[in-house]
Amino acid sequence: MDFDFQLNRRTVMGAAGAMALIPMGTSAAPADKDSTAIKQRFTKVSDGVTLSYLEAGKGPKTLVMIPGWSQTAEQFKYQLEGLANTYRVIAIDMRSHGDSEKVPHGLTIERLARDVYDVLHALELKDVTILGHSMGCSVLWCHFQLFGSHRVAKYVFCDQASFLTANPAWSAQTLENSGAIFTPDSVTATYNGLTGPDGNATTRAFLQSMVTAQMPAYQFEWIYQLNLKMPRQMAADMVYNHCHQDWRATIPRIQAPTLFIGGVHSIVPYKCILWNATQIAGAQVTIFQPGEGDSHFMFIENPAKFNNLLTNFIS
């Protein structure tokens with residue numbers, strides 16, 4: 001079944017009846033009068049799990065966006081609103097994230113990559129520009145490893161290290177190139193923090209490390225509440241799997257046009273983004289600078305610059 005939800009109010013009912021917070025200022029005409037209005041739809045993937053996705057615009061070119069760990073499609077609202085006049089824009093809630101079905105199985109990068117394959121097939125999409133943010137990049141790197149550039153014309157990889165967990169035996173240069181921000185012990189501590197009685201507080205603190213001091217309090221609270229749509233046990237299982245993936249040998253095999261995006265003050269060290277870009281022939285790279293919303297969420301903190309980058313790259 002295919003249902004549409006109009007995202008033009010401060011709150012909107014999600015797939016399971018949960019309330020999703022929307023920052024004030026969003027406006028859109030009814031879907032039957034405005035083709036750029038954001039609509040919520042649902043599709044099933046190959047193991048029967050129902051995924052939610054948001055869609056706006058009609059094309060002729062299509063941009064598909066994959067959020068990061070515990071993030072949601074709704075956090076791409078500024079891209080859905082800002083780019084729908086030019087492109088068909090789709091943002092997917094991965095399984096157990098956002099408004100998608102909550103299931104304890106398949107919380108691995110490999111299964112999420114298969115889910116992306118299934119969604120592209122179900123929507124009959126081809127020659128898309130596909131964007132991954134944070135863990136979404138890992139999902140796309142795995143998708144490439146499993147299926148090649150299936151239905152993909154261009155890639156945008158936004159702020160993700162090629163290997164998140166450091167080996168104590170690595171050289172300083174290897175550590176810088178990988179961009180690892182965890183140690184084996186800190187991965188375990190993060191997992192235990194998310195699954196313990198202070199799971200919400202652990203989430204809040206983790207997210208606070210991902211934004212600049214200039215982000216308005218209401219906007220941070222919106223991000224935080226959307227993250228909590230994913231049960232903390234599932235979020236912990238997902239981050240544990242995510243942190244143990246090594247994509248350093250996969251990235252250089254990509255031959256499609258590619259754009260990398262990072263931020264000077266992101267939690268992900270920007271030098272690893274520069275290194276990632278050297279691994280793909282002809283890849284473009286943009287690093288958001290201080291004063292430009294140069295955080296892990298630069299697409300929220302500076303959507304005008306971010307959307308302009310995407311427009312120039314896709315066109």
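Values in this document were obtained by computation on a predicted structure and should not be read as measured data.
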Colleague: Quick check: does any side chain N or O of Lys102 sit under 3.5 Å from a backbone N or O of Ser100, one acting as donor and the other as acceptor?
Modeller: yes
Colleague: Considering residues at least two apart in sequence or located in another chain, which fulfil the ring pair (Phe, Tyr, Trp, His ring centres under 6.0 Å) criterion with Phe260?
Modeller: Phe157
Colleague: Flag the pair Leu51 / Glu101 as yes when at least one side-chain heavy-atom distance between them is below 4.5 Å, and no otherwise.
Modeller: no
Colleague: Among all residues two or more places apart in sequence or in another chain, which pass the side chain to side chain donor-acceptor pair (under 3.5 Å) test with His244?
Modeller: none
Colleague: Sequence neighbours excluded, which residues qualify as ring pair (Phe, Tyr, Trp, His ring centres under 6.0 Å) partners of His150?
Modeller: Tyr117
Colleague: Quick one: are the ring centres of Phe76 and Phe299 less than 6.0 Å apart?
Modeller: yes
Colleague: With a 4.0 Å cut-off, would you call Glu221 and Arg204 a salt bridge?
Modeller: yes
Colleague: With sequence neighbours left out, what residues match Thr311 under side chain to side chain donor-acceptor pair (under 3.5 Å)?
Modeller: none
Colleague: Quick one: pull up CG in Leu207 and CE in Met215 and give me the separation to the nearest 0.5 Å.
Modeller: 9.5 Å
Colleague: Got a sec, which residues hit ring pair (Phe, Tyr, Trp, His ring centres under 6.0 Å) with His105, two or more places apart in sequence or on another chain?
Modeller: none
Colleague: Looking at Glu176, I'd like to know if its CD atom is crowded, meaning that more than 12 non-hydrogen atoms belonging to other residues, nucleotides or ligands lie closer than 6.0 Å.
Modeller: yes
Colleague: Quick one: are Leu63 and Val128 in side-chain contact, heavy atoms under 4.5 Å?
Modeller: no
Colleague: Are any side-chain N or O atoms of His97 and backbone N or O atoms of Arg95, one a donor and one an acceptor, separated by less than 3.5 Å?
Modeller: yes
Colleague: Once side chain to side chain contact (heavy atoms under 4.5 Å, CB included) is applied, do any residues pair with Ser295, and if so which ones, sequence neighbours excluded?
Modeller: Thr212, Phe297, Glu301
Colleague: Go through the structure and list residues passing side chain to side chain contact (heavy atoms under 4.5 Å, CB included) with Thr278, not counting sequence neighbours.
Modeller: Trp275
Colleague: For residues 130-145, please give each side-chain donor-acceptor pair under 3.5 Å, one per line with the distance, not counting sequence neighbours.
Modeller:
from   : atom 1 : to     : atom 2 : distance (Å)
His133 : NE2    : His296 : O      : 2.8
Ser134 : OG     : His296 : NE2    : 2.9
Ser138 : OG     : Trp247 : NE1    : 3.3
Gln145 : OE1    : Thr250 : OG1    : 2.9

Colleague: With sequence neighbours left out, which residue pairs that include part of residues 59-69 fulfil the side-chain hydrogen bond (donor to acceptor under 3.5 Å, both in side chains) condition?
Modeller: none
Colleague: More than 12 heavy atoms of other residues, nucleotides or ligands under 6.0 Å from CD of Gln255: yes or no?
Modeller: no
Colleague: Within the 3.5 Å criterion, strictly below it, is a donor on Asp118 or Ser46 matched to an acceptor on the partner's side chain?
Modeller: yes
Colleague: What verdict does the side-chain hydrogen bond (donor to acceptor under 3.5 Å, both in side chains) test give for Tyr155 and Thr129, after you've listed the backbone C-alpha separation in whole Å, the side-chain angles of each residue and the deciding distance to 0.1 Å?
Modeller: CA-CA 6 Å; Tyr155 290 98; Thr129 296; over 6 Å; no
Colleague: For Ser96, give me all partners under side chain to side chain donor-acceptor pair (under 3.5 Å), at least two apart in sequence or on another chain.
Modeller: none
Colleague: For Pro216, which residues count as a side chain to side chain contact (heavy atoms under 4.5 Å, CB included) partner, sequence neighbours excluded?
Modeller: Tyr218, Gln219
Colleague: Are side-chain heavy atoms of Met298 and Asp294 found at a separation under 4.5 Å?
Modeller: no
Colleague: Just by distance, do the side chain of Ser315 and the backbone of Phe313 share a donor-acceptor pair under 3.5 Å?
Modeller: no
Colleague: Evaluate side chain to side chain contact (heavy atoms under 4.5 Å, CB included) for Met65 paired with Val156, printing each intermediate quantity in order.
Modeller: CA-CA 9 Å; Met65 299 179 290; Val156 180; over 6 Å; no
Colleague: Determine yes or no for a side-chain-to-main-chain donor-acceptor pair under 3.5 angstrom, with Lys154 supplying the side chain and Ala256 the backbone.
Modeller: no
Colleague: Rounded to the nearest 0.5 Å, what separates atom OG1 in Thr72 from atom CG in Leu54?
Modeller: 8.0 Å
Colleague: Say whether Arg232 and Thr203, considering side chains only, have a donor N or O and an acceptor N or O under 3.5 Å apart.
Modeller: yes
Colleague: Before you tell me yes or no, could you show the steps for Gln40 and Ser52 under side-chain hydrogen bond (donor to acceptor under 3.5 Å, both in side chains), namely the whole-Å CA-CA distance, both residues' side-chain angles and the distance that decides it to 0.1 Å?
Modeller: CA-CA 7 Å; Gln40 184 178 33; Ser52 167; 2.9 Å; yes
Colleague: Would you say the side-chain atoms of Thr108 and Asn241 include a donor-acceptor pair closer than 3.5 Å?
Modeller: no
Colleague: One thing to verify: whether Asp127 and Arg151 come together as a salt bridge, which I'm taking to mean a side-chain N less than 4.0 angstrom from a carboxylate O.
Modeller: no
Colleague: Does any N or O in the side chain of Glu81 come within less than 3.5 Å of the main-chain N or O of Tyr78, such that one atom is a donor and the other an acceptor?
Modeller: no
Colleague: Does Arg41 make a cation-pi contact with Tyr53, if we ask for NZ or CZ under 6.0 Å from the ring centre and within 45° of the axis?
Modeller: no
Colleague: Among pairs that include at least one residue of residues 179-202, which meet ring pair (Phe, Tyr, Trp, His ring centres under 6.0 Å), considering only residues two or more places apart or in two chains?
Modeller: Tyr191-Tyr240
